[in-house]
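As a basis for the values below, the full set of heavy atoms in this structure was taken, side chains included, without hydrogen atoms, waters or symmetry mates. Everything numeric here is computed off the predicted structure, so don't read it as measured data. Whatever order the structure lists them in is the order used to number ligands and atoms, beginning at 1.
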Amino acid sequence: MTEIHALIDANREQFLEELKEYLRIPSISTLSEHNADVQRAAAWTAEQLRAAGLTHVQIMPTARHPVVYGEWLGAPGKPTVLIYGHYDVQPAELAAGWLSDPFAPEVRDGNLYARGASDDKGQVYVNIKAVQMLMQASGALPVNVKFLIEGEEEIGSPNLDGFIAAHQEWLRADVVVISDTAIQSLQQPSIVYGLRGLVYFELEVRGPERDLHSGGFGGTVHNPAQALCEIIAALHQPDGSVAVPGFYDKVRPLSAEERAAIAKTDISEAEWRRLTGAPQPWGEAGYTLRERVGARPTLEVNGIWGGFTGEGSKTVLPAKATAKISCRLVPDQDPHEIEALIRAQIARLAPPTVTWEMRALNHGYPALVPIDSLAMECAVRAYERGFGARPLFLREGGSIPVVATFMQTYRVPVLLVGYGLPDDGAHGPNEKFALECLYRGVHTAAALLEELGKRSPEALRSL
Ligand code: BES
Ligand code: MN
Ligand code: MN
């Protein structure tokens, strides 16, 4: 039996070269011209699962992008761990400020730069290698594992809930492990215990039947771009809160204890400036930066357009204007209920001079996972072993809607054991994964499976 941690260190070079291969595949799930690339990334993931020693590896079609599955069930009586991740990535264009081609991975200063490096291919890869190294070291795993790696996370996982419902018994596990978040720093690891939900919609405002000369009709027609801006402006109060009646009704208030715990993890204004580059913070009055991001709901404009946006000037009164708007939600807000509340408010705000249509694009539920479970204790130990420090617990602002689905379906602990860093630049230019996160991640992920293997399935399942 080889010492697993020495084996991991001996394979560093290979890990880096293989991960680069994964990152060269532009598996952008939202752009249909990349469908073949998404398929290639699924095939690459499946190949890696096979190489790691998993069996029944399959690429399973859905209505859009496939799910990759693989298992190793050679440890009867031991816990079963479901490992979830995603092989799809967000779009990336060189012109958006990348210093190197987003799909030509490059190491600079100890970081691997590429779209998907951190979100989430690098972190999926970490878990596959942890399994492979454990297999190579001892010919078996300390637990049973099932991998579920999807290709639609970045578009809101439209087919995943149906997939899980259709394969509920087959996917059943005692604990779910997800590596798709960040730790605070290499010196201070952290475990995410809260994620926000999401409702995403498009709002289209129409005025005249066609674009008009703004000289001939300006001043007599309610410009749809202006009307859209008026509606959007009215969706916030001056104090930064969301101005939709009922929006906060189901928001669980923060206890004094939780606020004190969150305060220990607050971001300084200087750090916030370094991460954003914006002149100064903004947001809901009465809440700290960390509370605004992790524990309070928001409403954001993701994009807005209409009329003439090309080079130079064109005097025109546009026929329509559109915005993509989303809300991040916290327990116990329901994305479908929030959609209905916003729809009702827009109906009240929209003037009779325009018509409008609101189209919901996706819904995801928020999640809070208990931090005092036995499974969580295993995750804490794994970070202590992989990073040499005790992790903090954090609530994050991002969304992984399947977390709520797993909790509802199986009522087992979900461990959000991430290996990214806060400045990885997910979804933006120059996304990176620190090589140190890659290597320590493999050690930690292997340690986690070892820790989970020391417990009984029944004990691990308890919340
Ligand atoms: N890995 C992120 C989720 C995340 C981001 C967790 C930041 C914690 C901190 C995931 O890939 C993601 O981007 N999710 C989307 C979900 C949406 C498309 C439904 C998100 O949060 O915008
Ligand atoms: Mn992700
Ligand atoms: Mn993402």
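Here is the list of ligand 1 atoms found below 4.0 Å of a heavy atom in Gly156: 18 (C), 19 (C). Distances below 4.0 Å separate heavy atoms of His86 from the following atoms of ligand 1: 11 (O). If you number the atoms of ligand 1 from 1 as listed, the ones under 4.0 Å from a heavy atom of Thr181 come out as 6 (C), 8 (C). Using a 4.0 Å cut-off to heavy atoms of Glu396, the atoms of ligand 1 that qualify are 8 (C), 9 (C).
Closest to atom 15 (C) of ligand 1 among all protein heavy atoms lies Ser399 O, 3.6 Å. Leu198 CD2, 3.8 Å is the protein heavy atom nearest to atom 17 (C) of ligand 1. In terms of protein heavy atoms, atom 5 (C) of ligand 1 is closest to Gly398 CA, 3.8 Å.
Contact annotation: Glu154 places an N, O or S atom under 2.8 Å from the Mn ion (ligand 3).
Ring geometry for Tyr125 against Trp44 counts as tilted: the plane angle lies between 30° and 60°, on a 0 to 90° scale. The aromatic rings of Phe406 and Tyr410 sit parallel to each other, their planes meeting at less than 30°, with 60° as the upper class boundary. Below 30°, between 30° and 60°, or above 60°: for Trp170 and Tyr69 the angle between ring planes is between 30° and 60°, a tilted geometry.
Heavy-atom proximity to atom 12 (C) of ligand 1, evaluated over Glu153, Glu152, Gln90, is greatest for Glu153. Between Asp180, Val192, Leu195, Ile155, it is Asp180 that holds the heavy atom closest to atom 1 (N) of ligand 1.
Here Arg328 has side-chain heavy atoms under 4.0 Å from ligand 1, and that is the only part of it that gets that close.
Aromatic ring centres of His167 and Phe163: separated by under 6.0 Å. Aromatic ring centres of Trp282 and His236 lie closer together than 6.0 Å.
Phe103 does not carry Arg24 over the face of its six-membered ring by the limits of under 6.0 Å from the centre and within 45° of the normal. Within the cation-pi definition used here (under 6.0 Å to the ring centroid, within 45° of the axis), Arg292 does not qualify as a partner of Tyr287. Taking the centre and axis of the six-membered ring of Tyr113, the NZ or CZ atom of Arg108 falls inside the cone set by 45° and 6.0 Å.
With the Mn ion (ligand 2) as the vertex, atom OD2 of Asp180 and atom NE2 of His86 span an angle of 90° (nearest 10 degrees).
For the salt bridge (charged side-chain N to carboxylate O under 4.0 Å, His left out) with Lys324, the lone residue among Glu202, Glu204, Glu300 that qualifies is Glu202.
Asp119 has its closest N, O or S atom to the Mn ion (ligand 2) at the position named OD1.
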